[in-house]
Number of protein chains: 2
Amino acid sequence: MSATPRIKARAAKALRPRDSASRADRATRTTDLGLLPSLLGYRLRLAQRAIFTDFVSSMGEAEISPGLFGILVIIEANPGLKQTELSIAAHLDRSSIVPVVDKLETRGYVSRRASAIDRRVNGLWLTSEGSAVLRKLKRTVIAHERRIARRLSAAEQQRLFDLLAKLLP
Amino acid sequence: MSATPRIKARAAKALRPRDSASRADRATRTTDLGLLPSLLGYRLRLAQRAIFTDFVSSMGEAEISPGLFGILVIIEANPGLKQTELSIAAHLDRSSIVPVVDKLETRGYVSRRASAIDRRVNGLWLTSEGSAVLRKLKRTVIAHERRIARRLSAAEQQRLFDLLAKLLP
DNA sequence: TATTGTTATACTCTATAACTATA
DNA sequence: TATAGTTATAGAGTATAACAATA
C-alpha cells in the first residue's frame with residue numbers, strides 16, 4: 001500500500017499529536033514484512049516515497065507536487081505545445097491534463113492561447129509569473145536532489161541511473 | 001504527474017482504440033522533457049511505474065494491486081496482528097487500513113477476530129482461502145520479479161538494492 | 001472522418017477529525 | 001485519560017465515454 005503522501009496531508013501531519021512516537025517505533029521494528037524486502041518493486045516504492053516526501057517538504061509554502069512541477073518544466077521546455085502533446089509526454093490521458101492545466105492557469109503560472117492556424121488547438125505557455133516561479137522552484141528542486149544524491153558518490157549516482165534505465169520496458 | 005495505473009483502467013486500456021499509435025510515438029519522441037531526465041526522483045518514478053504496470057498485468061484475473069498484495073504478505077507473516085500494527089507496517093493511517101481490510105475480508109481472504117484479552121483489538125488472520133490464494137499470488141509475483149530482474153545480472157541486482165537502500169532516510 | 005479539448009462521471013487511495021467501546 | 005477501530009468526509013489524481021468545434 002504505502003501512501004503517495006498528499007501535499008496538504010504532509011503539512012498537517014507535522015503537528016499531529018495523535019500517536020505517540022514510541023508506540024510507532026516499536027511496531028515498525030516488530031512487524032515482519034515477509035518477502036516484501038526481497039522484492040525490487042517494494043524497494044523501489046520505498047525509495048520513491050522517501051524522495052517524494054523530501055520533495056514536498058522542501059517545497060514548503062510553494063505547495064507544488066512533483067507532478068505539477070514536471071508539467072511546468074515540460075511547458076517551459078516546449079513553449080506553445082498542445083495539450084495533447086503535453087498529456088503524452090506526461091503519460092496522462094488528454095482528459096486528465098485538463099484539470100492539471102486548469103490548476104496551473106488558476107494559479108497564474110500557465111496560459112492557454114488558441115492557435116491561429118488550427119483553432120482546435122490550445123498552445124500552452126508559461127506566464128511571466130510562471131517563469132519566475134519556476135526559476136525558483138528549479139533551484140529548490142536541484143537543492144533537494146543534491147541533498148538526496150549526496151548519500152551517493154558521483155559514480156554511484158551514475159550507476160543508479162544506468163540500473164534504473166535498464167528496468168524500463 | 002504520471003499515473004499510478006489503476007487496476008481496471010489497465011485491463012480496459014489494452015483494447016482502447018482511441019489514439020493511433022503512430023501519433024503517440026511521434027509526440028513522445030518529440031517533446032523535450034527539460035531537466036526531468038536528470039532528476040533521480042523522475043527516473044525512480046518511471047522505473048516504479050514500469051514495474052507496477054508489469055505487476056498488475058501479470059496478475060491478470062487476480063486483480064490485486066501491489067499494495068493489497070503487500071498487506072496479505074504482512075498478515076501472513078504476522079498472524080493475529082492488530083490493525084494498528086498493520087497500518088504502521090504499511091505506512092498507512094489506521095483509518096486508511098479499515099477499507100483495505102474490508103476489501104480483503106469481502107473477498108474472503110482475511111478475517112478479523114476480536115481478541116479475548118483486549119476487546120478493543122481485532123486480530124487479523126488469513127482465511128484458508130486467503131492462504132491458498134496468496135500461495136499462488138506469491139508464485140506469480142516472484143515470476144514477475146524474475147522477469148524484471150533478468151534485465152540485470154545478479155551483481156547488478158544486488159548493487160541496485162544497495163543503492164536504493166542508501167536513498168532511504 | 002479524424003483530432004482537439006472539454007465535460008460528466010466514477011474510481012482508487014489516502015488523510016483528518018470526531019465518534020464508540022473499551023482499557 | 002489513552003488506545004483500537006470506525007465512520008463521515010474530503011481531496012488528489014486519474015481514467016473512460018461522449019460531445020462540440022474544427023480540420
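Letters A, B, ... are given to chains in the order of the sequence lines, protein chains preceding strands, and every chain is numbered from 1.
- At whole-Å resolution of the value, CG in Asp102(B) and P in dT6(D) are 7 Å apart.
- In this structure, Gln83(A) reaches the dT6(C) phosphate: one of its side-chain N or O atoms is under 4.0 Å from OP1 or OP2.
- Residue Arg119(A) places at least one side-chain N or O closer than 4.0 Å to OP1 or OP2 of dA23(D).
- Out of dT14(C), dG5(C), dG5(D), the shortest distance to the side chain of Ser96(B) is found at dT14(C).
- Here dA15(C) presents its P atom at 12 Å from CZ of Phe52(A), a figure rounded to the nearest Å.
- Between the CZ atom of Arg49(B) and the P atom of dT14(D) there is a distance of 9 Å, given to the nearest Å.
- Residues from residues 104-118 of chain A that place a heavy atom under 4.0 Å from any atom of DNA chain D, listed by number: Ile117(A), Asp118(A).
- Residue Ser95(A) places no side-chain atom within donor-acceptor reach of the base of dT14(D), judged by atom type and a 3.5 Å distance cut-off alone.
- Checking dT4(C), dA15(C), dA12(D) against the side-chain heavy atoms of Arg94(A) singles out dT4(C) as nearest.
- The separation between Leu124(B) atom CG and dA4(D) atom P is 13 Å, rounded to whole Å.
- The base of dT3(C) lies close enough to the side chain of Arg120(A) for a donor and an acceptor atom to sit less than 3.5 Å apart.
- In this structure, Lys82(A) does not reach the dT3(C) phosphate: none of its side-chain N or O atoms is under 4.0 Å from OP1 or OP2.
- Between atom CG of residue Leu40(B) and atom CG of residue Leu152(A) there is a gap of 7.5 Å, rounded to the nearest 0.5 Å.
- With contacts defined as side-chain heavy-atom distances shorter than 4.5 Å, the pair Leu164(A)/Arg159(A) does not qualify.
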- [ ] Kindly indicate, with the supporting measurements, whether the criterion salt bridge (Lys or Arg N to Asp or Glu O under 4.0 Å) is fulfilled by Arg107(A) and Asp102(A).
- [x] CA-CA 9 Å; Arg107(A) 294 199 196 180; Asp102(A) 286 350; over 6 Å; no
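- Regarding Ile88(A), its CD1 atom lies at a distance of 11 Å from the P atom of dT3(C), rounded to whole Å.
- Distance check: Arg146(A) CZ to Arg151(A) CZ gives 15.0 Å after rounding to the nearest 0.5 Å.
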Open item on the list: Applying side-chain contact (heavy atoms from CB on, under 4.5 Å) to Leu39(A) and Leu36(A), what does each step give before you reach the verdict?
Closed with: CA-CA 5 Å; Leu39(A) 300 178; Leu36(A) 296 183; 4.2 Å; yes
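- Contacts classified as side-chain hydrogen bond (donor to acceptor under 3.5 Å, both in side chains) and involving residues 126-143 of chain B (residues at least two apart or in different chains) are given here: Glu76(B)-Lys138(B).
- At whole-Å resolution of the value, CG in Leu92(A) and C1' in dT6(C) are 16 Å apart.
- With a 4.5 Å cut-off on side-chain heavy atoms, Leu137(A) and Phe69(A) count as touching.
- Separating the CD1 atom of Ile71(B) from the P atom of dT12(C) is a distance of 16 Å, rounded to the nearest angstrom.
- Looking only at side-chain heavy atoms (C-beta outward), His91(B) and Arg49(A) come within less than 4.5 Å of each other.
- Judged by distance alone, with hydrogens and angles left aside, Thr84(B) brings no side-chain donor or acceptor close enough to the base of dA4(D) to form a pair under 3.5 Å.
- To the nearest 0.5 Å, atom CD1 of residue Ile71(A) and atom CD1 of residue Ile64(A) are 10.0 Å apart.
- Ser65(B) has a side-chain polar atom (N or O) that falls below the 4.0 Å cut-off from OP1 or OP2 of dC13(C).
- Side-chain contact between Thr84(A) and Ile97(A) is absent, with no heavy-atom pair separated by less than 4.5 Å.
- Residue-level contact check: Val98(A) touches the bases, meaning some heavy atom is under 4.0 Å from a base atom.
- Put simply, NE2 on His91(B) is 11 Å from P on dA15(C), counting in whole angstrom units.
- Axis orientation changes by 10° from one end of the helix from dT1(C)-dA23(D) to dA23(C)-dT1(D) to the other, with each end axis drawn from 5 pairs and the value rounded to 10°.
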